[in-house]
Chemist: 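Below is a structure I'd like to ask you about.
Residue numbers start at 1 and run along the sequence shown.
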Amino acid sequence: MTADADSIKIPGAPGPEPAPLDEPTQPRGPLPPKPDQSGPDTYTPTGAPTTTPQDAVAQQGERLTTAQGAPLRDTDHSLKAGRRGPVLLQDHHLREKITHFDHERIPERVVHARGAAAHGVFVANGEAERYTSAAFLKAGTTTETFVRFSTVLGSRGSADTVRDTRGFATKFYTSEGVYDLVGNNIPVFFIQDAIKFPDIIHAGKPHPDREIPQAQSAHDTFWDFVSLHTEAQHHTIWNMSDRGIPRSYRMMQGFGIHTFRLVKTEADGSLATTLVKFHWRPRLGTHAVTWEEAQLISGKDPDFHRRDLADAIEAGAYPEWDFGIQVFPDTEDQTFHGIDLLDPTKIVPEELAPIVVVGTMTLNRNPSNYFAETEQVAFHPGHLVPGIDVTSDPLLQGRLFSYLDTQISRLGGPNFGQLPINRPHAEINDMLRDGMHQTVVHRGVAPYHPNSLDGGCPFPAMVTGGEAFTDVPQPIQQDVVTREQPASFDDHFSQARLFYRSLTPVEQLHVKQAYAFELGKVYEQAIKERQLQCLANIDAELCAFVANELGLPAPAPTEVVPDVEISPALRMVTDVAWPADGRQVGIVVDDDTDASAVASVRETLHAAGVTPLVIAPHGGKVGGLDVQRSFHTATSVELDAVIVLAPAVDPRVLELLREAFRHDKAIGVSSDAEPLLPDVGVPATAPGVVTGDAAAVAAGVLDLLPAHRVWAREGV
């Protein structure tokens, strides 16, 4: 092998330049961030843009100092009364260093604690202008964004690939202030009213007596809740589908969940309103890992999703999502085709209301500091801009209180918006004062309205003119104050049936297996029987499969649920060929593998936007090329496909191939390595197995990657 190993850059380097073997002793300043990294844009706490470079708000100079700037001679030894004496209280450096360390952590989020994030940019195409006056949705407008993906139930230290709902929260730094779209990868929620939110989270979290199981729903309290609160059945079946175990954040849809109201100011000053649901659709397609694969990844690489996101951006495979809206008339009853738009457990099928794409978001920069950006970013559904308003969805109404309250608790006070990652990119003049962590040096003497001592400043938009946030006047029907819900919220099973019956057979099989696994982990038989009753109301065949796996009789339905018109848009398994950008393909070689063949395969994969990983018997180099994985460190679950160019009869390679085949991945085997297949139990004619010379297997694997998996192996 004689190819230049540096011609293809493999992501994952921890720093911007290689580390020397010996400890550096020549003074120098801080290294710059890696090319893929960026901090928040430099704005003042009051939203004024600055010319301050990002490195000016990072650590400065070549000398070690105290937090107050005093140069330090030593930071490895405490000040003692003699070399063997006790440490002295006067050691101000020790006290400052330890005290700061003791306070490094802030309370983690109760939900969505484990997350990963990236900076990006959103470009509007103008399709939304007919519905809203929001400036960031005007044609050609470019808006900086910051997106945080997360799991709901697990702690910060849990694994990425657990079966769970994922958060998809987007902060738009618009010219009219910050707009937060705080959504999930599932378009519905477990509950219809926010007053139940503590209950569902308490039920989903680890049991309070043993603090287990972590980041899982396969336990008694979760299934006890969702089988008693049957409104949760729709969200639950989405979670039991492959949507609950995404392949990556880059291949995950996002939904605003609730119905929102778009507002447009007409030429005569009147307000026109439209109801909408928000959608993020990944241009790479929506894909998942298999259940066994998810479990293996949790042990081998619990950071799988955050690593995938960061590596893809570093490699230049920038993830993209189309931002779309489903549009509904803002009628008095706020329903559409009989679906109550204020019920957060319901979707509107795309066949009834097609998605209108209003722009595209690209994530193109990794954070430079996880804590300062990903951990301290604060989202709130009440961070709205002119042209977008909320509705009376009772879950959304509670979130409007809860998110703000949470940020005050986590971030130490009401001034969390002044943290660099949260700062608006618009002028701020809010008359809010003081509080913990106030970084604005306010001027004037009259933080109230109206005033004359500060010249009347600030003035409301009715004086200054221009667009302003407007609370849309809404008629309120004559009614009584009550703790009830509308009758339209009472249908808990028809949309769960819609979802299940819309899936392909292979996806339905995975749903059945997920229910069987999760309920198989439940201890109390009464809970299993109660959930089987719910499944009987959703689909008899689904219920019969799960009941058989549990060794229990399948009950008859207790509710008459109408048949539904299926929605093919709900399927993940389709005939669409998706881009292979950022996929990882392992190339198994040995010291005797033809150099030109390996170089050619690597270049072919790289030219298609795929990251090639050379897998060899040992680390270091093989034929002049860097080895990314040895047989000891390679694992099938980090690969989207495998190409074998060497007859490496090594048990680790054989197991890698068995797993890749079992997980429906594309496999390419060169003629030299084809004798391996009988040892693995893989027929050369099996679906998704490509044989031939090196060029043929590389081309064949690239042809298979756009389908994500070789679903024909599932045998359905």
Side-chain angles (χ1 to χ4, degrees), residues 40 43 45-47 106-113 115 117 134 145-148 150 152 167-174 176-184 189 191-202 256-261 278 342 344 371-440 442 447 449 458 468-472:
Y43 280 71
T46 54
I106 62 176
E108 72 173 34
R109 292 166 169 88
V110 176
V111 289
H112 299 278
T145 62
F146 188 74
V147 180
R148 186 179 187 271
S150 56
V152 171
F168 192 129
T170 307
K171 188 175 289 291
F172 296 86
Y173 301 96
T174 87
E176 298 177 309
V178 165
Y179 171 56
D180 287 343
L181 180 56
V182 193
N184 286 336
F189 205 64
I191 52 175
Q192 295 168 324
D193 193 307
I195 200 169
K196 294 183 181 182
F197 189 73
D199 301 318
I200 177 58
I201 299 305
H202 289 164
I257 302 170
H258 311 285
T259 299
F260 291 85
R261 178 173 282 108
F278 293 119
L342 300 187
F371 178 81
E373 298 168 75
T374 308
E375 188 65 14
Q376 289 196 128
V377 66
F379 296 97
H380 174 32
H383 290 164
L384 300 164
V385 292
I388 302 178
D389 201 358
V390 299
T391 60
S392 297
D393 175 336
L395 178 62
L396 175 57
Q397 292 283 310
R399 293 179 75 195
L400 293 171
F401 170 82
S402 179
Y403 277 71
L404 180 60
D405 190 49
T406 295
Q407 306 307 349
I408 291 173
S409 174
R410 289 191 65 246
L411 299 172
N415 294 310
F416 59 84
Q418 297 177 23
L419 292 167
I421 193 61
N422 296 321
R423 289 177 182 174
H425 296 187
E427 293 178 344
I428 304 298
N429 198 341
D430 53 21
M431 296 193 300
L432 305 177
R433 292 296 184 268
D434 307 338
M436 294 284 287
H437 308 136
Q438 178 61 258
T439 59
V440 176
H442 291 104
H449 176 80
F469 184 83
T470 301
D471 297 289
V472 179

Chemist: To the closest 0.5 Å, what do you measure between CD (Glu427) and OG1 (Thr46)?
Modeler: 8.5 Å

Chemist: Please find the pair of heavy atoms, one from Leu411 and one from Ile106, that lie closest to each other, and give the distance.
Modeler: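 Closest approach of Leu411 to Ile106, heavy atoms only: CD2-CD1, 3.7 Å.
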
Chemist: Can you establish whether the number of heavy atoms outside His202 located under 6.0 Å from its atom NE2 is more than 12?
Modeler: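 No, NE2 of His202 has 12 or fewer neighbouring heavy atoms, counting only those of other groups under 6.0 Å.
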
Chemist: Hey, is the main chain of Phe371 close enough, under 3.5 Å, to the side chain of Glu375 for a donor-acceptor pair?
Modeler: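 No; zero donor-acceptor contacts below 3.5 Å.
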
Chemist: Of all heavy-atom pairs between Phe379 and Asp180, which one has the smallest distance, and what is that distance?
Modeler: CA-OD2, 3.3 Å

Chemist: How about Thr391 and Leu342: do any of their side-chain heavy atoms sit closer than 4.5 Å?
Modeler: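 A side-chain contact under 4.5 Å exists here.
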
Chemist: side-chain contact (heavy atoms from CB on, under 4.5 Å) with Pro381: which of Gln397, His258, Arg399?
Modeler: Arg399

Chemist: What is the ring orientation for Tyr179 with Phe172, classed by angle as parallel under 30°, tilted 30 to 60°, or perpendicular over 60°?
Modeler: parallel

Chemist: Nearest 0.5 Å, what's the CD1-CG distance between Ile257 and Leu395?
Modeler: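 So the CD1 of Ile257 and the CG of Leu395 are separated by 7.0 Å.
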
Chemist: If you look at every heavy atom in Pro394 and Asp193, which pair is closest and at what distance?
Modeler: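 Residues Pro394 and Asp193, closest heavy atoms: CB-OD2, 4.0 Å.
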
Chemist: Which heavy atom of His437 sits nearest a heavy atom of Gln418, and at what distance?
Modeler: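 Answer, listing the atom of His437 first, then Gln418: O-OE1, 4.0 Å.
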
Chemist: Give me the atom names and distance for the closest heavy-atom approach of Thr439 to Pro45.
Modeler: OG1-CG, 3.5 Å

Chemist: Without hydrogens or angle criteria, can the side chains of His112 and Arg148 be said to hold a donor-acceptor pair below 3.5 Å?
Modeler: no

Chemist: At what distance, to the nearest 0.5 angstrom, does CG of Asn415 lie from CD of Gln407?
Modeler: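 Spacing of CG (Asn415) from CD (Gln407) equals 13.5 Å.
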
Chemist: For Phe469, is the CZ atom crowded, meaning more than 12 foreign heavy atoms sit under 6.0 Å from it?
Modeler: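 Yes, enclosed.
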
Chemist: Nearest 0.5 Å please: distance from the NE2 atom of His442 over to the CZ atom of Arg433.
Modeler: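 His442 atom NE2 to Arg433 atom CZ measures 4.0 Å (nearest 0.5 Å).
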
Chemist: Atom CG in Leu396, atom CZ in Phe401: separation rounded to 0.5 Å?
Modeler: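 Spacing of CG (Leu396) from CZ (Phe401) equals 14.5 Å.
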
Chemist: Looking at Gly47, is its backbone amide N or carbonyl O close enough to the side chain of Arg423 to form a donor-acceptor pair, meaning the two atoms are under 3.5 Å apart?
Modeler: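 Checking the backbone N and O of Gly47 against the side chain of Arg423, no donor-acceptor pair under 3.5 Å is found.
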
Chemist: Does any part of the side chain of Asn422, heavy atoms only, come nearer than 4.5 Å to the side chain of Val178, both counted from C-beta?
Modeler: no

Chemist: Could you report the tightest heavy-atom contact between Leu384 and Asp389, atom names first, then the distance?
Modeler: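 Minimum heavy-atom contact is CD1-OD1, 4.2 Å.
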
Chemist: Going by side chain to side chain donor-acceptor pair (under 3.5 Å), name the residues that satisfy it together with Glu373, two or more places apart in sequence or in a different chain.
Modeler: His119, Ser368

Chemist: Looking at side-chain heavy atoms only, is the closest gap between Thr406 and Val110 below 4.5 Å?
Modeler: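 They are not in contact (no side-chain heavy atoms under 4.5 Å apart), so the answer is no.
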
